[in-house]
Structure formats: C-alpha cells, structure tokens
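Atoms considered below: every heavy atom in the structure, side chains included; atoms not considered: hydrogens, waters and symmetry mates. Convention: sequence-line order gives letters A, B, ...; per-chain numbering from 1.
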Protein chains: 2
Amino acid sequence: MKTHTESEENYIKALYHLGGGLPVSNGDLAQRVGAKGSSVTQAVKRLGQKDLVNVVPYKGVQLTPQGIRLAKSILRKHRLWETFLVDKLGFGWDEVHPLAEQLEHIQSEELVDRLFQFLGSPKHDPHGDPIPERDGQMPPVLGQPIGAFSKGSEIRIVRVEDAGSEFFDQLDTMNINLGNTYEIRAISAFDSSVELGSSTGSFWLSQSMCANIYAIQS
Amino acid sequence: MKTHTESEENYIKALYHLGGGLPVSNGDLAQRVGAKGSSVTQAVKRLGQKDLVNVVPYKGVQLTPQGIRLAKSILRKHRLWETFLVDKLGFGWDEVHPLAEQLEHIQSEELVDRLFQFLGSPKHDPHGDPIPERDGQMPPVLGQPIGAFSKGSEIRIVRVEDAGSEFFDQLDTMNINLGNTYEIRAISAFDSSVELGSSTGSFWLSQSMCANIYAIQS
DNA sequence: AATTATTTTTAGCTTTGCCTAAAATAAAAC
DNA sequence: GTTTTATTTTAGGCAAAGCTAAAAATAATT
Ligand SMILES: [Mn+2]
Ligand SMILES: [Mn+2]
Ligand SMILES: [Mn+2]
Ligand SMILES: [Mn+2]
C-alpha cells in the first residue's frame, strides 16, 4: 500500500464522488477539484501511472479497482473525522467539512481503527452519509427526499445533503436535526412545500429544503 | 496569519527545538529535518522572505519573534494531539510521535481550542512535556533526572525523554509510567545505577535509563 | 602563514502541481 | 457535410522542495 500525496487523494475522491467507478470528463473533474483542465490532464496522467485510474484521451477518466479502494478509504476517514468533530468536540455539522478535508489525509490504519472504535463503530456520519467499512463495504444510503412522502406519513430525518452553509444555517434556525420525527400534515398544491408537524407545533418547509432533507417512514 | 506548508512548519519546529530562539547552524538543521545542507540553504532563504527567520550566510539561522510564535503553536498542536492519542484512543506513548508529526499541521484555531477543552485543559503531554498555552506561555518543565536524587528520597515520575522506541519498550517492560512513585533505596557506587522501591517490590535502573527519566520529590 | 579539512553556498537537475495560451480534437449547428 | 463551438490536450512557465557535484568560505592543523 503506497503512500499518496494530498493532491492525488483529492483527485481520487473527486473521481469517486462524480463517477463512483464510471468515466468522468476532464471538465467535470476540473470543476470539482478547483483546477484548470490542463492541470487535470497531467494529474490524471500521473494517477494512471500508479494504476489508480484508466485514462482514455478526449474520452474520460475512470477509477480502477485499486482507485476505488483508495477512494473509499479516504471517504471512510473523512466521515469518521466528521463524526469525531461533531460528536466529541461539539462542532456544528456545517463547520466540519473543511476540517475533515484536511484530516482525511492523515496516514495511519491504526489511527482509523482506533477512531472508529472510539466513536462507537458508527455506520453513518453527522449528515447521515454512510461510512465505508474497513473492507470497503458501504452501509445503506438512507432515506428519501421529504417530498416523496405522502400526507399523513410519520417520518424520521436520517440524512441531509451538503447543500452549502446557508442550507445548514436554515436547518439550525428551524431546529431540524437528524433523528427528529414529524408528521406530514399537508402538501401545497401550489409550490410543493410541505407542512411538518410535531408535538411542539408545526411549520412549512419549502420545496428546495425538502429536496435536500431525507427521511424514512417511522 | 498566513498559511504555511508542512515543510516550512517542520523547519520552524526544528529550529525551535535546536536553538529555542538562538542561532542554529545549517548542518544541525539539516540533520534535524533529514535533508541535505543545500536544501536547507534554500529552505531558510524562503523562510527569511516570510520573516520567520533571520539568516546570516555562513553564520547561522535564527527564529524571529513571529517564528517563535509559530513554533510554539505547532508544538502546542503536536502535544495536544499526542495527549488525545494516548488518553482517548489508547495508543502507547511510544507510538504517538509520528502520528502527531502529521496532525500538528492541521490548520484550525477552533479545532485546537476545542481539542484542548475536550482533553481537560492539559498542561503536559503524555511524556510530561509542557504544552504551550494559547498565548505562547510555557508551563514549567518538570522534574530532574532520577540520578540527581539522593538515597532515601520519595519521588514521582513526571517526565521522560524521547529517547527512541527501545527506551519506551524498556519503560513498558518495567511497568514505569508517569505518576508512579518510588523510594530511592540505593545508588550503586560502581555504575551509578539506582534501586527503586515501591509497595510491590524493588528493581534496579541503569544509569542510562535514569538519565532519561525525570521525577520530583513527593 | 600556509595548508588541510569542514561547512556552507551555488549551480544545475528532477518531480509535483499548478497556471496561461495555442493547437488539436470532438460535438453541435447549420 | 461543412462550419462553428466547446472541450481537451500540448507547449511553455513558474514555485516549492528535494537531490548531487563543484566552488567558496570558514575553521582547524601543521
Ligand atoms: Mn482533502
Ligand atoms: Mn459528511
Ligand atoms: Mn511534522
Ligand atoms: Mn511528547
């Protein structure tokens, strides 16, 4: 198991996020990692030499099985650190991403294993995203967008999309957290907004908000 | 408050360790960071441009006040992470240094502050080394080498030198830990080894071991 | 003081990783 | 089926960070 640079790991993670094993275009990758297309061209060339990706010029880049393994191990670290930051250090879930972006590159199998144990062997991170297992297996991606439920459903929030800090601020303002349960009281025929009810009252959620909040029947 | 590369930070930390603010020779610095002299020459030139050091060619390199501030902040992070790894994740004190060497470069004031709190505002790390305060103040460097105490003294182990993994292994084998208390039962006139006694029995410590273990009268 | 030995710097090269601008290719429009 | 547009790759630069080998400066010995 070789050692990789931070840049390389960020490319691998971006590729996994965009394609999950399928080919990704130069442009999309450039956008994701925040670099110019020309930089991406040479970056993936280097990754190809390390057998982490397959490159077909003008066509696209694709993770190899080893690349996928690496991507998952980085994602595992990222989400474990996010869990640590929120559960143990009390960070807000909107603050942890950039920090995990750094911490995910710390190299130590032992550290990851111990962190995993210390956190109580979590299956999902503070946003409800699945934390890859040690062997690469992925826990289920939980929930459906709130808009998918019908009136009268009892639901529990299990996941939120990473839709930017304004979105997280809105969640905090509305006191919406993972684990909260609501009843779907009404669905607007006009703008598809949804009225959620709980013991403490009820409130309306815009269609945009609903699309980024995932729940399961409870 | 600019952002620095990992390499730069390692140079700054090495300079602080070697000179603590006083001039350091190119050779000593090269040895410490594990690079060749020529690499060091340009590295310190870069650091000089950032006003972190003063360089006098052929004479030596010296940390500026800003350099010292930075060095302390890195040391603070290093020792806080070591404390985390030992206290919370159960690592042995011989294993944590290389990991802290990576973690010390994570950039976030907020993270350091929260970690500090989470660990119970520690003043010393798992080896008994002082953890710099937020403002740069240094807690006292505790203890004297065991060889400095006289027969009959009641002592408590408060610090150990970082003298390599074999040293730590020996400590573990002998079950010597920070906080342990002993009575000095005898001091060999032949080889300066020391007999330490406790409720569970007694044992002899070589002069080399004694020189790397620090204690206070208790 | 002159010579030798050590240390430090310079010069020149390499790799990673990013950039801009120009050329080449693929996709879309006419 | 050309022509135009968009995407991708090449070419050429630059900075950080390391290296080796040669030159220069300092320190140590005769
Ligand atoms: Mn990252
Ligand atoms: Mn997450
Ligand atoms: Mn380090
Ligand atoms: Mn320490």
Legend entry - Atom CD of A/Glu161: over 12 foreign heavy atoms under 6.0 Å: yes

Legend entry - Members of residues 50-60 of chain A that approach DNA chain C, where some heavy atom sits under 4.0 Å away: A/Tyr58

Inset, instruction - Flag this pair as yes if the NZ/CZ of B/Arg114 is under 6.0 angstrom from the six-membered ring centre of A/Phe91 and inside a 45 degree cone about the axis; otherwise no. - result: yes

Inset, instruction - Please work out if B/Gly27 contacts a base, only the sugar-phosphate, or nothing of the nucleic acid, heavy-atom cut-off 4.0 Å. - result: sugar-phosphate

Inset, instruction - Please state whether the phosphate of D/dA17, meaning OP1 or OP2, lies under 4.0 angstrom from any side-chain nitrogen or oxygen of B/Thr5. - result: yes

Inset, instruction - Quick one: label A/Ser7 by what it contacts on the DNA or RNA (base, sugar-phosphate, nothing), any heavy atom closer than 4.0 Å. - result: sugar-phosphate

Inset, instruction - Specify the separation, in whole Å, of atom CD of A/Glu6 and atom P of D/dA17. - result: 13 Å

Legend entry - Opening and closing nucleotides of DNA chain C in contact with chain B, under 4.0 Å to non-hydrogen atoms: C/dT8 to C/dT10

Legend entry - Under 4.0 angstrom between A/Lys45 side-chain N/O and D/dT10 OP1 or OP2: yes

Inset, instruction - Rounded to the nearest angstrom, tell me the gap between atom NE2 in B/His4 and atom C1' in D/dA16. - result: 15 Å

Inset, instruction - Establish, with yes or no, whether the OP1 or OP2 oxygen of D/dG18 is under 4.0 angstrom from a side-chain nitrogen or oxygen of B/Ser39. - result: no

Legend entry - Length of the line joining B/Asn26:CG and D/dC19:P, which is rounded to integer Å: 12 Å

Inset, instruction - Check the surroundings of atom CD in B/Glu133: do more than 12 heavy atoms from other residues, nucleotides or ligands lie under 6.0 Å from it? - result: yes

Inset, instruction - Respond yes when some side-chain nitrogen or oxygen of B/Lys36 is under 4.0 Å from OP1 or OP2 of D/dG18, and no when none is. - result: no

Inset, instruction - May I ask you to check whether B/His127 and B/Phe168 place their ring centres under 6.0 Å from each other? - result: yes

Inset, instruction - Could you grab the distance from atom OG of B/Ser121 to atom CZ of B/Arg134, nearest 0.5 Å is fine? - result: 12.0 Å

Legend entry - Interatomic distance, B/Glu8 CD vs D/dG18 P [rounded to whole Å]: 10 Å

Inset, instruction - Could you check how far CD of B/Glu9 sits from P of D/dA17, rounded to whole Å? - result: 11 Å

Inset, instruction - Return no unless some side-chain N or O of B/Arg46 is found under 4.0 Å from OP1 or OP2 of D/dA16. - result: no

Inset, instruction - Measure the acute angle between the ring planes of B/Phe84 and A/Phe84, then classify it against the limits of 30° and 60° as parallel, tilted or perpendicular. - result: tilted

